[in-house]
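Working notes for the structure below.
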Amino acid sequence: MSLEKFAKDLERFDFKTKVVKDSIEIDYNEIKFEVNVDEAWLKAIKKVYRAKQYELNEESKFQVSNQEVEFQVFKLTPSFVYKPLYEFKDKKENTVILTNMSKEYKLNLFRFSDFNSERIKNRVTRRYNDRSEGMRKRRPRFLFRFDDLFLNYITVKYQPNSKLQREKLIEIGREKCKSCLFKLAVIENESWELRETVKAKGFNIPIPEDGENDFSIPKSNYEDDLVGFYKVAKSSIFPTQSFLSYYHILEYNFLKVSDEELFNKTKGVINSTTFNASYDNVNRLLSILQKHERNLDETSMLKRVLTKFIDEEEFIQFIIEIENNAKEKIFSKPKEPIFGERIPLKLEEGHAISNVSKIIKHIRNSLVHSSDKYTREECVIPFSESESIVIKYIPILKFLAEKVIYANAK
């Protein structure tokens, strides 16, 4: 009876179903396939459809029952793990297990929350299209793995040896799981994090596409160090690391641009036809050096780099296009402060480069300082909502970094 209920639930997604013993025949338009349900899945389906003990928390991404609490996790380290399996126990036989999501949790997500039917439809369509006409005639209905109906999330679960009240089970389970994930990072170099920990919302800014991608061989050679920073920025799953790596591309040119500016100014004085070692001329030269020394703070050096390599009018147009597509003055009239300060980006020539230099440097300072001498509003805490601010400004850093790389190409 439970298998029939599951099949009926499948029909919510435009499938037609028929239960035949321990299999379900499924029709989707002209595509016919079937799934065989093994004993372990039958047991889980029966348990889920008959029991009322399960409770899903969609916001915090966990499931709790009478016997355990199970949290969704994601991997921070880039190494591939097909099927992680780590088990921790204490003296009281309480257990923490990191492995694939339980069948019960998958079924409850399917019933009440997270089921991507389009993914299934696309997969069976590809399978159908890959079959020859002869194969379709000989065997109209093909086999599809029951497991492949569900996304393969990874979870960490806490199973106490004695019964606990649900609130206590969730509270203790969360802390025990977090402690075990930290220990795993220490002893196995694998870093996993509870999905509920990540508070930052992905900031999707629709940037206009330039049409088809150009796969022609570039005519230029790009500087290896700058390309290295760029690849780290593009590949990192951490917004803070992406931001800092893009910033490093700009910072890489600080002394070069600053020294070049000083050289040109002093050269202009020394090469003058009236220059000699008089008191006034030497004072003029010292004045240039002292003024340059006073302007060696990082914000000034960043502004010099951007002034040298970035077309301010093009940059302003880039910001305008982002704001037009977002239908909001995200940068020119920000609604929220940037780590304790309101720094609007004035979209006028003579102001835009100066403003964005201050904004970038302010965010950079918030990323690198975590001392308790700063208020938490002035710092970035990993996985907190503060990372949403960083995510918001990454497209600007990416734009500027790319322009600097192109300008330094040979």
Side-chain angles (χ1 to χ4, degrees), residues 1-13 15 17-26 33-75 81-89 94-121 123-124 143-161 163-164 166 169-170 173-174 176-177 180-181 192 194-196:
M1 187 65 179
S2 298
L3 188 58
E4 282 78 5
K5 290 181 179 179
F6 174 82
K8 190 71 176 174
D9 281 341
L10 267 177
E11 294 184 357
R12 290 181 294 143
F13 307 102
F15 296 116
T17 65
K18 179 183 178 182
V19 176
V20 181
K21 295 183 179 180
D22 293 340
S23 299
I24 305 175
E25 294 181 351
I26 305 173
F33 63 102
E34 65 179 306
V35 292
N36 294 328
V37 189
D38 64 25
E39 187 175 340
W41 271 110
L42 286 170
K43 184 178 178 181
I45 291 170
K46 183 178 180 180
K47 188 176 179 182
V48 165
Y49 277 84
R50 290 188 178 182
K52 295 182 179 180
Q53 61 170 303
Y54 297 103
E55 179 184 336
L56 286 183
N57 188 308
E58 292 186 47
E59 181 180 355
S60 295
K61 307 294 183 185
F62 69 80
Q63 172 179 272
V64 62
S65 65
N66 295 336
Q67 294 85 26
E68 64 185 27
V69 58
E70 185 173 3
F71 299 91
Q72 292 184 40
V73 296
F74 67 98
K75 199 166 190 286
V81 177
Y82 172 66
K83 186 178 180 180
L85 177 57
Y86 294 102
E87 184 172 319
F88 301 82
K89 281 185 178 289
N94 299 313
T95 307
V96 171
I97 302 173
L98 175 75
T99 189
N100 288 339
M101 179 180 280
S102 68
K103 292 177 171 60
E104 291 78 11
Y105 198 169
K106 289 180 180 179
L107 288 165
N108 279 319
L109 285 178
F110 159 73
R111 294 178 69 198
F112 303 116
S113 175
D114 189 0
F115 182 71
N116 189 344
S117 63
E118 291 305 312
R119 183 183 68 92
I120 306 300
K121 292 171 184 176
R123 292 188 70 172
V124 297
L143 280 174
F144 190 79
R145 289 181 71 246
F146 187 79
D147 292 70
D148 290 340
L149 292 175
F150 310 94
L151 285 170
N152 193 27
Y153 291 111
I154 306 299
T155 59
V156 60
K157 68 175 75 171
Y158 175 66
Q159 298 171 327
N161 192 32
K163 189 170 183 179
L164 297 173
R166 288 211 171 188
L169 173 58
I170 295 169
R174 178 180 284 112
K176 295 296 182 185
C177 287
C180 288
L181 293 180
W192 296 81
L194 301 185
R195 283 188 67 188
E196 68 173 38

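- Of the listed residues (Asn36, Leu143, Val37, Val35), just one forms a side-chain contact (heavy atoms from CB on, under 4.5 Å) with Ser23, and that residue is Asn36.
- Side-chain contact check for Leu98 versus Leu85: every heavy-atom pair is 4.5 Å or farther apart.
- Lys89 meets the side-chain hydrogen bond (donor to acceptor under 3.5 Å, both in side chains) test with Thr95; sequence neighbours excluded.
- Taking 4.5 Å as the limit, every side-chain heavy atom of Glu55 sits out of range of all side-chain heavy atoms of Ile170.
- Between Asn57 and Glu196 there is no side-chain heavy-atom pair separated by less than 4.5 Å.
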Could you walk me through whether Phe6 and Phe146 satisfy the ring-ring contact (aromatic ring centres under 6.0 Å, His included) test, starting with their C-alpha distance in whole Å, then the side-chain angles of each, then the deciding distance to 0.1 Å, before giving a yes or no? CA-CA 12 Å; Phe6 174 82; Phe146 187 79; 5.4 Å; yes
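- Classified by interplanar angle (parallel below 30°, tilted 30° to 60°, perpendicular above 60°), the ring pair Phe33/Phe144 is perpendicular.
- Counting heavy atoms from C-beta outward, Phe110 and Leu149 have side chains that stay 4.5 Å or more apart.
- The NZ atom of Lys18 lies 12.5 Å from the CD atom of Glu11; values are rounded to the nearest 0.5 Å.
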Under 3.5 Å, which donor-acceptor pairs do the side chains of residues 38-50 form with other protein atoms, sequence neighbours left out?
from, atom 1, to, atom 2, distance (Å)
Asp38, OD1, Ala40, N, 3.2
Asp38, OD1, Trp41, N, 2.9
Trp41, NE1, Asp147, OD1, 3.3
Trp41, NE1, Asp147, OD2, 3.4
Tyr49, OH, Asp9, OD2, 2.7

Decide side-chain contact (heavy atoms from CB on, under 4.5 Å) for Lys75 and Ile154; before the verdict, give the C-alpha distance in whole Å, the side-chain angles of both, and the deciding distance to 0.1 Å. CA-CA 9 Å; Lys75 199 166 190 286; Ile154 306 299; over 6 Å; no
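- Within the 4.5 Å cutoff, the side chain of Arg174 has no heavy atoms near those of the Val69 side chain.
- Taken from CG in Leu56 to CZ in Arg111, the straight-line distance is 9.5 Å, to the nearest 0.5 Å.
- Note that the CG atom of Leu181 and the CZ atom of Phe71 stand 10.0 Å from one another [nearest 0.5 Å].
- Taking NZ of Lys61 as the start and OH of Tyr105 as the end, the distance is 7.5 Å to the nearest 0.5 Å.
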I'd like to know whether Glu104 forms a side-chain hydrogen bond (donor to acceptor under 3.5 Å, both in side chains) with Ser65, so could you lay out the CA-CA distance, the side-chain angles of the two residues, the decisive distance to 0.1 Å, and finally the verdict. CA-CA 10 Å; Glu104 291 78 11; Ser65 65; over 6 Å; no
Could you walk me through whether Lys106 and Leu151 pass the side-chain contact (heavy atoms from CB on, under 4.5 Å) check? CA-CA 8 Å; Lys106 289 180 180 179; Leu151 285 170; over 6 Å; no
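- Within the 3.5 Å criterion, the main-chain N or O of Glu70 finds no donor-acceptor partner in the side chain of Thr155.
- Of all heavy-atom pairs spanning Phe112 and Glu58, the tightest one is O-OE2, 4.0 Å.
- The closest side-chain heavy-atom distance from Gln159 to Gln67 is not below 4.5 Å.
- Of the inter-residue distances, the one linking Leu10 atom CG with Ile120 atom CD1 reads 9.0 Å to the nearest 0.5 angstrom.
- Contact record, Arg145 with Asp148: NH1-OD1, 2.8 Å, taken as the closest heavy-atom pair.
- Asn94 places a side-chain N or O within donor-acceptor distance of the main-chain N or O of Asn161, the cut-off being under 3.5 Å.
- Scanning for side-chain hydrogen bond (donor to acceptor under 3.5 Å, both in side chains) contacts around Tyr158 gives an empty result, with sequence neighbours left out.
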Leu107/Phe150 under side-chain contact (heavy atoms from CB on, under 4.5 Å): CA gap, chis, key distance, verdict: CA-CA 8 Å; Leu107 288 165; Phe150 310 94; 4.0 Å; yes
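- Between Thr17 and Ala7, the closest heavy-atom pair is OG1-O, 3.2 Å.
- Looking only at atom types and distance, the side chain of Asn66 has a donor-acceptor partner in the side chain of Arg166 under 3.5 Å away.
- Within the model, atoms OH of Tyr54 and CD of Glu68 stand 7.0 Å from one another, a figure rounded to the nearest 0.5 Å.
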